[in-house]
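Heads up, the thing below is written out as structure tokens.
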Amino acid sequence: MIYVKKNIIHLNTDKTSYIMEIFKGKYLLHLYYGEKTQINHGYEYEDFNSFSPNPDKDDITYSLDTLPQEVSFGQIGDFRSPSVEIEFKDGSKVTNFLYDSYKIYEGKPSNEHLPTSHIGPNESVETIEIKLVDSLKALELYLYYTVFESKDTIAVSKKIVNLGSEEIYLDNLASLSMDFHEFAYDYIHFPGSWVRERDFERCSVTRGTHVVDSKRGSSSHNQNPAMIILDKKADEFSGHVYGFNLIYSGSFKNQIETSSYNQMRFSMGINPYNFRKKVASNSNFHSPEAIVMFSSGGINGLSSISHSFVNDNIIPSNFRNAHRPILINNWEATYFDFNEEKILEIAKASKEFETELFVLDDGWFGIRNSDKSGLGDWFVNKEKLPSGIENIGKKINDLGINFGIWVEPEMVSPDSDLYRKHPDWCFHVDGRNRTEARNQLLLNLSLPEVCDYLYDSLEKIFSTEGISYVKWDYNRNMTEIYSKNIPADMQGEVGFNYYKGLYGLLDRLVTRFPNILFESCSGGGGRFDLGMLKYMPQTWTSDNTDALARLNIQYSTSIFYPVVAMGSHISDVPNHQTGRSVPLKFRADVAMSGNLGLELDSTKIDEKSKVEIKEYLDFYKENREIIQNGAFYRIRSPYDGNITSWMFKGRGEKEGEVLVFIFRGYKKANMPKHRIKIPYLDDESLYLDKDKKCMYSGSELRNYGITIDHSSGDFQSEIIKLKEQ
Ligand code: DGJ
């Protein structure tokens with residue numbers, strides 16, 4: 001619910017309030033965000049020093065330098081980082097946007113170029129649109145806040161409208177800026193790299209500026225836009241936790257900045273590095289949408305909010321709560337070295353454990369026997385697959401297995417027909433080196449003709465009968481971001497226009513193929529973000545399939561992203577990335593903690609393992625509803641020691657059914673017994689562990705816990721199934 005009382009604006013969700021003040025009828029202040037409350041008093045201010053300038057000659061009691069602001073501008077007295085930066089044609093950079101008016105309406109604003117959250121089933125939302133005006137330059141600035149009441153989530157964005165007669169240059173427009181009154185907080189971010197995505201790092205906010213960003217042209221393996229600010233005492237189970245995420249897949253910047261007055265400013269948006277948007281007269285620029293969440297129930301509480309928001313308000317609605325198939329992918333089984341016979345053998349052998357979908361990975365098109373050639377040539381390689389995709393698909397479908405295919409459309413290999421025909425279609429600057437990564441270049445998706453070529457080629461492939469799944473890969477970061485079809489003063493928008501092109505292309509494809517399940521991938525989890533999830537309901541979490549490493553990656557990923565969105569596969573041992581050998585059960589239990597699949601050569605599995613795999617797949621199918629659509633909570637972190645644990649609670653028909661996963665890494669000699677306490681159950685209820693023939697009360701499980709079974713050997717795991725009686 002949104003209401004404005006006197007000059008105070010309240011945005012209320014079921015459990016939270018976001019409160020602003022229209023200060024002196026001119027400035028928009030940020031008063032509060034947190035547990036639900038009502039504030040009747042405006043900001044109490046006093047200004048004291050000549051180094052904090054006063055914007056109002058007639059009232060020198062306040063300064064923008066110290067006010068907690070909702071949106072901020074440079075050069076008018078606030079010396080913290082501004083959320084809006086504009087350069088005018090005369091080179092001046094001073095803006096002065098003052099509060100003008102507000103409007104409250106049902107529904108959400110649209111953003112014609114970028115993905116945004118949608119209204120979920122049986123949900124209604126309200127938006128407040130606050131208008132600020134820079135009258136000298138005839139600029140309007142709109143701040144949008146959409147309140148998802150039952151989700152404890154607010155979607156925030158900004159739009160600049162240029163009604164002046166001259167173009168302006170927008171150098172920065174943070175989607176979100178939030179001033180806190182103090183900085184006694186911690187923050188959590190997710191640094192990493194390829195095959196080491198999303199480490200969990202908790203830091204103290206100290207004086208100065210803390211930047212979490214990507215300049216790689218994608219959200220990247222190296223950071224993630226999702227970020228937490230939390231009370232010092234907050235942990236997984238309790239305490240105040242703020243969560244922020246961005247619906248954008250390009251370079252982003254999150255910043256925490258403290259002021260000399262112990263305030264803290266958090267901002268999030270497109271990275272101003274390498275960004276400059278020319279906004280012509282009578283046109284506008286709308287920022288990506290930021291998602292703001294708050295929980296007083298610890299990090300798990302925040303995850304519940306984020307998971308349900310992603311499922312209901314981000315991913316395509318037709319995949320919401322839809323069971324995801326157990327797939328087998330041939331990548332680690334064959335890499336590029338396969339032919340039709342081999343593919344069919346793998347599919348046939350996987351029939352024994354009743355996989356549901358076969359995914360033909362890289363190497364089926366153009367001339368592609370290694371990563372040195374072929375990207376861009378989206379026609380089947382008849383040498384490898386003489387009877388074509390349609391016949392392979394049909395033969396696999398005849399086995400009772402669905403069929404899916406891998407593509408990497410945004411790229412081109414210099415050794416490809418496409419590149420020979422259109423050497424100008426990739427990002428480059430004439431006369432300079434075209435920097436390759438994995439021997440490939442990036443197509444310039446800001447060019448409509450490139451997107452049209454991709455649409456036509458992909459439309460043909462995806463129309464092949466029997467294709468029900470597509471893995472969409474992206475295996476490098478951006479360099480030489482330049483497009484010679486536009487003038488010099490527009491080059492700063494090329495990286496952004498790339499994403500406009502990509503999102504437009506994806507929109508056309510998912511609309512044309514609503515029944516195809518798309519899985520996003522960027523060398524694993526290099527674009528695990530809300531922008532991609534908007535079109536593709538799941539992401540290949542990491543190219544690292546080592547189960548021990550995956551515990552960490554999946555743990556951190558689950559903080560913002562639902563486990564149903566995380567592809568997690570059982571792979572072969574020794575593991576291809578780490579060389580480690582982990583027992584099959586441990587590998588299966590880790591993979592079953594997400595969206596299960598297989599990534600191995602099913603023709604080379606011994607009889608005993610085949611039986612085991614079939615059992616795991618059967619177990620997963622039986623419990624898929626609980627795992628994919630249930631509530632997920634982390635119990636013990638792999639970052640804290642040798643034991644990791646998480647749990648799933650069924651919903652709807654599966655209400656009362658609970659799965660607790662426990663993993664132990666290395667075996668130590670003469671280890672003491674460990675206990676795990678199982679939270680989030682009903683204290684008064686009784687829970688039966690049928691396998692152990694044991695009955696526990698909810699309070700016993702929560703307070704006293706259960707003993708972990710320490711069988712010998714490294715990498716042991718167990719799944720405890722409890723049923724409320
Ligand atoms: C990177 C992906 O993450 C892998 O799973 C595989 O699809 C390869 N690309 C294929 O080139």
Side-chain angles (χ1 to χ4, degrees), residues 192-198 216 218-222 249 326-338 342-343 346 357-378 381 384-385 403-416 436-443 458 461 467 469-477 517-529 532 536 538-547 549-550 553-554 557 565-572 575-578 591 594-601:
S193 75
W194 173 67
V195 297
R196 266 192 297 107
E197 293 92 336
R198 287 173 296 286
R216 293 174 172 265
S218 60
S219 52
S220 86
H221 302 87
N222 311 63
S249 313
I326 301 175
L327 63 82
I328 179 159
N329 177 306
N330 72 298
W331 178 241
E332 288 195 13
T334 64
Y335 295 106
F336 295 101
D337 184 17
F338 60 82
K342 180 69 192 171
I343 290 300
I346 295 177
L357 167 70
F358 179 88
V359 180
L360 178 58
D361 211 280
D362 195 354
W364 59 266
F365 53 91
I367 297 179
R368 182 91 171 151
N369 297 316
S370 73
D371 60 18
K372 292 198 168 62
S373 61
L375 289 173
D377 297 343
W378 297 111
N381 179 330
K384 276 185 179 170
L385 308 173
F403 179 61
I405 201 159
W406 177 98
V407 288
E408 190 178 357
E410 297 159 73
M411 303 290 166
V412 64
S413 308
D415 183 3
S416 67
E436 292 179 18
R438 208 194 189 205
N439 311 299
Q440 61 200 52
L441 297 165
L442 195 60
L443 287 172
L458 298 170
I461 300 162
I467 291 191
Y469 164 102
V470 167
K471 177 177 173 187
W472 182 292
D473 210 345
Y474 173 92
N475 280 298
R476 61 162 294 169
N477 291 140
L517 170 63
F518 285 86
E519 177 155 349
S520 159
C521 173
S522 168
R527 271 198 316 208
F528 209 133
D529 59 61
M532 297 310 287
M536 310 195 187
Q538 56 194 58
T539 300
W540 178 224
T541 313
S542 176
D543 271 352
N544 189 343
T545 58
D546 174 296
R550 272 298 186 116
I553 296 171
Q554 293 180 198
T557 305
M566 286 193 248
S568 54
H569 299 174
I570 304 172
S571 65
D572 211 350
N575 181 268
H576 291 201
Q577 291 77 31
T578 60
N595 188 338
L596 176 65
L598 300 165
E599 185 99 12
L600 38 68
D601 189 343

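Order of listing sets the numbers, starting from 1, for every ligand and every atom in it.
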Which atom of Ile467 lies closest to which atom of Ile461, heavy atoms considered:
CD1-O, 3.4 Å

Asp415 meets the side chain to side chain donor-acceptor pair (under 3.5 Å) criterion, sequence neighbours left out, with Arg420

With a 3.5 Å cut-off and no angle check, do the side chains of Asp546 and Asn544 form a donor-acceptor pair?
no

State, without any angle test, whether Ser413 and Asn439 hold a side-chain donor-acceptor pair at a distance under 3.5 Å.
no

Let's go through Lys342 and Asp337 carefully: what are the C-alpha distance in whole Å and the side-chain angles of both, what is the deciding distance for salt bridge (charged side-chain N to carboxylate O under 4.0 Å, His left out) to 0.1 Å, and is it a yes or a no?
CA-CA 9 Å; Lys342 180 69 192 171; Asp337 184 17; over 6 Å; no

Heavy-atom contacts with ligand 1 below 4.0 Å: which residues, ordered by chain and residue number?
Trp331, Asp361, Asp362, Trp406, Arg438, Lys471, Asp473, Asn475, Cys521, Gly523, Gly524, Trp540, Asp543

Is a donor from one side chain sitting under 3.5 angstrom from an acceptor on the other, for Thr557 and Arg198?
yes

